[in-house]
Amino acid sequence: WNTQTQSETKTFKRNNTIMAADALTTFKGIYSMILLIFSIILIQGLIFNRQTKLSSEVHPALAFFALWGAVGWLTMVEGGQGSLVGLAPVNRELYKDSHKIAY
């Protein structure tokens, strides 16, 4: 005899779907992190073995800091662009008194 109600069956299916989605998201996160670490190690190895154009012309330490400086600058530019797009619909007058420097 099937003693499960229809709502219990739906809840079970929904929980399995959520668990499958969580497992896929976890797998994608771990896989992406592995690829990121591999890429960083590969690029840094190329820089310190002077196998990139910049590191072959200057000291590898300068190439290292130039790379990470460029990555840092790019993240700030992208973050600023996201803020401009995301905050565009916000009424600036709401923060006129509480955030005088930003206003």
query: Between Y31 and F27, what is the ring plane arrangement, given parallel below 30°, perpendicular above 60°, and tilted in between?
result: parallel
- prompt: With clusters built from Ile, Leu, Val, Met, Phe, Trp and Tyr whose side-chain heavy atoms come within less than 4.5 Å, directly or transitively, what are the remaining members of the cluster of I34, listed by chain and number?
  reply: I30
query: For V58, which fellow cluster members are found when Ile, Leu, Val, Met, Phe, Trp and Tyr are connected by side-chain heavy-atom distances below 4.5 angstrom, either directly or through intermediates?
result: L54, L62
query: Can you name the side chain to side chain donor-acceptor pair (under 3.5 Å) partners of S56, sequence neighbours left out?
result: none
statement: Q81 meets the side-chain contact (heavy atoms from CB on, under 4.5 Å) criterion, sequence neighbours left out, with E78
query: Backbone N or O of G72 within a donor-acceptor pair of the T75 side chain at under 3.5 Å?
result: yes
message: F38: which residues meet the ring-ring contact (aromatic ring centres under 6.0 Å, His included) condition with it, sequence neighbours left out?
response: none
field: side-chain hydrogen bond (donor to acceptor under 3.5 Å, both in side chains) pairs, two or more places apart, involving residues 37-53
entry: T52-S55
Residues that, via side-chain heavy atoms closer than 4.5 angstrom, fall in one hydrophobic cluster with F64: M33, L36, I37, I40, I41, I43, I47, F48, F65, L67, W68, V71
Between side-chain atoms of residues 83-91 and protein atoms elsewhere (two or more places apart, or another chain), which donor-acceptor pairs fall under 3.5 Å?
residue: S83; atom: OG; partner: G79; partner atom: O; Å: 3.0
residue: N91; atom: OD1; partner: E93; partner atom: N; Å: 3.1

